[in-house]
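The structure appears below as structure tokens.
All heavy atoms count here, side chains included; hydrogens, waters and symmetry mates do not.
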Amino acid sequence: MASRDRSLPIFDLEIDLARAASAGDFARLVIEAPTGSGKSTQVPQMLLDSGSCGDGEIVVLEPRRLAARMLARRVAWERGGEVGGEIGCQIRFENRTSRSTRIRYVTEGILLRQLLQDPNLTGVSAVVFDEFHERHFYGDVSLARCVDVQETRRPDLKLVVMSATLQVEALNAYLGPDTTHLISDGRMYPVEIEYCPPKERHGDAVWDHVLRTLHGYYKDHGVDGHALVFLPGTHEIRKTVDLLRRASWTKGFAIHSLYGELSPQVQDAAVGPSATPKIVVATNVAETSITIDGVRLVIDSGLERRSDFDVRRGISTLTIEKISRASADQRAGRAGRTGPGRCLRLWSEGDHAAREAATRAEIHRMDLSEAVLVLKAGGIEDVRGFHWFEAPEPAALEKAHAALKTLGAIDEETEALTPLGRDLSRLPLAPRYARVLLEAARHGYLEFFAVTAAATQSRSLFPPRKRRSSDLELVDFMEPTDGSDFQALYRAWSSAKGAGFHFDTCVRMGINVNAAREIDKVARQFADIVWPLTDVPDQDSVPDAETIGRILLTGFSDRVCARLSEATLACAIVDGRRGMLEKASVAARKDVQLFLVGEMVEVEGRDVTVRLSLATRIEENWLREQFPHDIQERAGAAWDDSTRRVVARQEKRFRDLVLESRQRGEVPREQAAEILAEQVAAGNLVLKKWDPEVEQWIARVNTLASFFPEYEIARIGDEERRLILTQVCDGAMGYKDIKERPVRPVLREWLPPHQSGLIERLAPERVQISKDRSVKVTYDPAGGKPKIAVLIQHLFGIKTTPTISDGRIPLVVEILAPNSRPCQTTEDLAGFWAGSYAGVRAQLRGRYPKHAWPEPDEV
DNA sequence: GAGCACTGC
């Protein structure tokens, strides 16, 4: 028989909640309650039973699909019904609701999309935000929208925000003085916390520290229950598990890894009941998404891989960061769910006190173009002045607006949503991909692009590589004539679909069946939305490489890359950015000069690299022709206007690219390079030292430079001899600065703000530059060598190879050469490093007096 | 030496 557990701590609030609700005077309610208090199942029922919600629906927002499903099932059971009746559940691709549904558990994105369809939330009388402290992007935006709806159109709408302690003050401030505030205690066992920082003399890796701490603890206290170890990622987990399995004292323990990319079966094995004591080595999945019964001991490395968005470069990053105090408490709490527990933190108490209280919300760490588009489509004209719960950084908003202008989604001047923007907002997808899908549909290639776009949004089609050599990879699906990595991706997915998503067949191909199925569903959703907008029938064939490249350009014009030389995978990206191309890519072939990339993430692993993947070859004349022209004819009049705007925008963009990067004024070296270039052009300077690489550069650079004819003429003058110099000569001008100052203050000026944490943790003490153009970096060994690559990259704009012997890194001189005749010979370039430096220096001194320009003989 | 956390429309 169904029943509710009335001993749950949340029932302490029942009377207060009923009183607030029946008095009819609560429009906004904040409930402070930790996990395990029963709030997610009981509060919605209390609201319903109080009768204060009339005939309307109570919508409960959950951050995870699994939670929405389980809660609906539990509550339906408690009320003696089935999911789909009085209690419903709606997540992507699954809608179990009916006319009689009164409580609807949904995932956060569902409500956001519903708000676009129906800005008044007709028929909804209350919205409950569960686990709001997790501060997901969709939850944040949904709350802000709901507050707006309540204030402007629906004063009767009730808003309930349930959160752990941390956010409560901010919430009360945001929601205003009339907010009712209720507090409930959780039910948790005490967890004793111990700080175990690494000892000075060890200075070893995390995994060694984990093993020593765990072994020491078991020796002193014996084994009681399971242990859970938190590490930042799979690399660290693999190392730790290997060491644990090899250690003699772990006999009789079951040892498991646990992270999100593992299949559900393997995850279940790690989580399931076990007769022998378990050691589970996990990432953040075990912090919120997955609970493991019987854990009594938590070992916390205090680290996580955290995504961020570097607004200045427009690049997503994934770096290893110290977790916040709130996260640390959450992790520790995992030891106290079944009985009193203990948590060993592998850092010091001083370190702990210095950590941030809570992790910055997702909205501060992502590309906001989708958010801005969704708000505009929802009728919020002034997104900058919007009543955010926490306003995003202005620079991030500017970047998002600029990106939407490039796509033609908002008007260049008024910033109002264009008809094209309206169409883009209908797609649950990053706007740039949405743009590509619309373009693809006009050419009759919707399916190919819907599938490939879906593949970039969901779990990896190829699961983490196993040791078995029989597994295939994406490369195995490539053809020699391919011009895009998306072709292999599509082929891989097609073969899974061709096999009817048959499990064994897919496993043999190395393909994750669930991912392939999900891609199928997502792609179909995209197609269903785009189809009515274009009405061009899909062609029978898949697009050829040129068509793919041209279509992708409409959404990825800011992601054009060129290889720097055939010898390396290092690439230049428009806007003066740098990256490293993935090895298994069509763009890694010798004949590819220009390409665009679907993915661009700065990843911290053994070193820190901007990884470029999902490349598609393009040709410069496609850019010149500004591809959209040719669709205008096909697409008809309705599209003309917005398309023309896109074209204009793109043309301007390519002209402005270089100018922008200069104007950002990152460091004076940019200007120094400019002056040097002028000097060379005027014949005052000659190249003294010939670098054999220069010739290779010229070919690449000619291609890139050809995008910017106006720029060259405008900036360098009409001299026939033109030379664009970037990067190093510049570094050379700033040498003395770096040489004589401890490097930290320099870094503080130069590193992007979100990476300033690097300075304290890992900055080298000094950087020295010798006359032979090699850089010697003396650094704190605890900082680790991967960081050096980052430092060099930021200091000099140079990508170094990760292998560093004896601390010396060759400083590569990059000379971006011209396409005019005289400069293409070695003689012309020779002698650049000549003694005429003195003249330049005098000029530089005038323009940038605060820099101590070195004497000529020091250079 | 071995490729990168977690969600979600």
Side-chain angles (χ1 to χ4, degrees), chain A residues 61-68 90-95 106-117 131 134-142 230-239 242 258-262 282-290 301 303-308 316-321 323 327 330 359 361-362 365-366 370-371 373-374 377 425-430 433-434 453-454 457-460 462-467 473-475 518 521-522 525-526 529 569 580-585 599-613 802-803:
Chain A
L61 265 60
E62 291 296 326
R64 276 165 287 279
R65 292 181 189 176
L66 195 66
Q90 190 183 356
I91 59 183
R92 194 177 199 179
F93 307 127
E94 187 177 321
N95 188 350
V106 304
T107 35
E108 291 163 327
I110 293 276
L111 184 77
L112 195 63
R113 290 287 153 190
Q114 188 184 344
L115 275 160
L116 280 185
Q117 304 281 322
E131 312 282 0
E134 291 196 17
R135 297 294 310 284
H136 292 174
F137 160 67
Y138 289 130
D140 264 25
V141 178
S142 300
F230 282 103
L231 288 171
T234 49
H235 173 66
E236 295 79 6
I237 289 176
R238 212 171 296 134
K239 288 276 189 188
D242 274 0
L258 181 61
Y259 49 91
E261 278 284 312
L262 289 172
T283 60
N284 263 346
V285 266
E287 189 181 311
T288 44
S289 311
I290 296 176
S301 66
L303 300 171
E304 68 182 342
R305 281 207 162 73
R306 190 186 300 164
S307 68
D308 212 320
S316 302
T317 62
L318 188 62
T319 52
I320 298 176
E321 305 289 340
I323 61 169
S327 284
Q330 182 72 18
T359 313
E362 199 184 9
R365 299 187 282 118
M366 58 187 288
E370 190 181 353
L373 187 66
V374 165
S425 76
R426 293 181 217 275
L427 279 155
L429 188 66
Y433 273 108
Q457 307 291 306
S458 54
R459 282 255 151 108
S460 173
F462 294 91
R465 212 162 139 54
K466 299 191 195 99
R467 282 161 207 251
E473 288 178 86
L474 191 56
V475 243
E518 178 86 1
K521 284 196 280 189
V522 174
Q525 188 187 23
F526 292 160
I529 297 169
L569 294 165
M580 195 67 82
L581 178 67
E582 191 170 309
K583 215 183 324 175
S585 168
E599 272 184 11
M600 187 162 95
V601 185
E602 187 173 74
V603 176
E604 177 173 8
R606 283 173 50 247
D607 57 356
V608 180
T609 322
V610 176
R611 292 214 176 116
L612 307 173
S613 52
T803 37

Worksheet item: Which residues satisfy the side chain to side chain contact (heavy atoms under 4.5 Å, CB included) test with A:Ser425, sequence neighbours excluded?
Response: A:Leu373, A:Ala377
Item to complete: Could you tell me whether A:Gln525 contacts a base, only the sugar-phosphate backbone, or nothing, with contacts defined as non-hydrogen atoms closer than 4.0 Å?
Response: nothing
Worksheet entry | Contact nearer the 5' end of DNA chain B, comparing A:Ala584 with A:Tyr138 | A:Ala584
Worksheet item: Which residue, A:Thr288 or A:Glu108, contacts DNA chain B at a nucleotide closer to its 5' end, judged by nearest heavy atom?
Response: A:Thr288
Discussion item. For a quick check, tell me whether the side chain of A:Arg113 and the base of B:dC9 share a donor-acceptor pair closer than 3.5 Å.
Written reply: yes
Item to complete: To the nearest Å, give me how far apart CE (A:Met580) and P (B:dC4) are.
Response: 14 Å
Worksheet item: Whole Å only: how far is the CD atom of A:Glu131 from the P atom of B:dG8?
Response: 13 Å
Fill in: Any A:Arg459 side-chain nitrogen or oxygen under 4.0 Å from OP1 or OP2 of B:dT7
yes
Practice prompt. Could you tell me whether the phosphate oxygens of B:dC4, OP1 or OP2, come under 4.0 Å of any side-chain nitrogen or oxygen in A:Arg611?
Written response: yes
Discussion item. Walk me through whether A:Arg92 and A:Arg113 qualify under side chain to side chain contact (heavy atoms under 4.5 Å, CB included).
Written reply: CA-CA 11 Å; A:Arg92 194 177 199 179; A:Arg113 290 287 153 190; over 6 Å; no
Worksheet entry | Nearest-neighbour nucleotide for the A:Gln457 side chain, B:dT7, B:dC9, B:dA5 considered | B:dC9
Worksheet item: Counting side-chain heavy atoms from C-beta on, which of B:dA5, B:dT7, B:dC9 comes nearest to A:Ser307?
Response: B:dA5
Worksheet item: Among all residues two or more places apart in sequence or in another chain, which pass the ring pair (Phe, Tyr, Trp, His ring centres under 6.0 Å) test with A:Tyr433?
Response: A:Phe556
Worksheet, complete the sentence: Note: A:Ser460 and A:Glu261 closest approach over all heavy atoms is CB-OE1, 3.8 Å
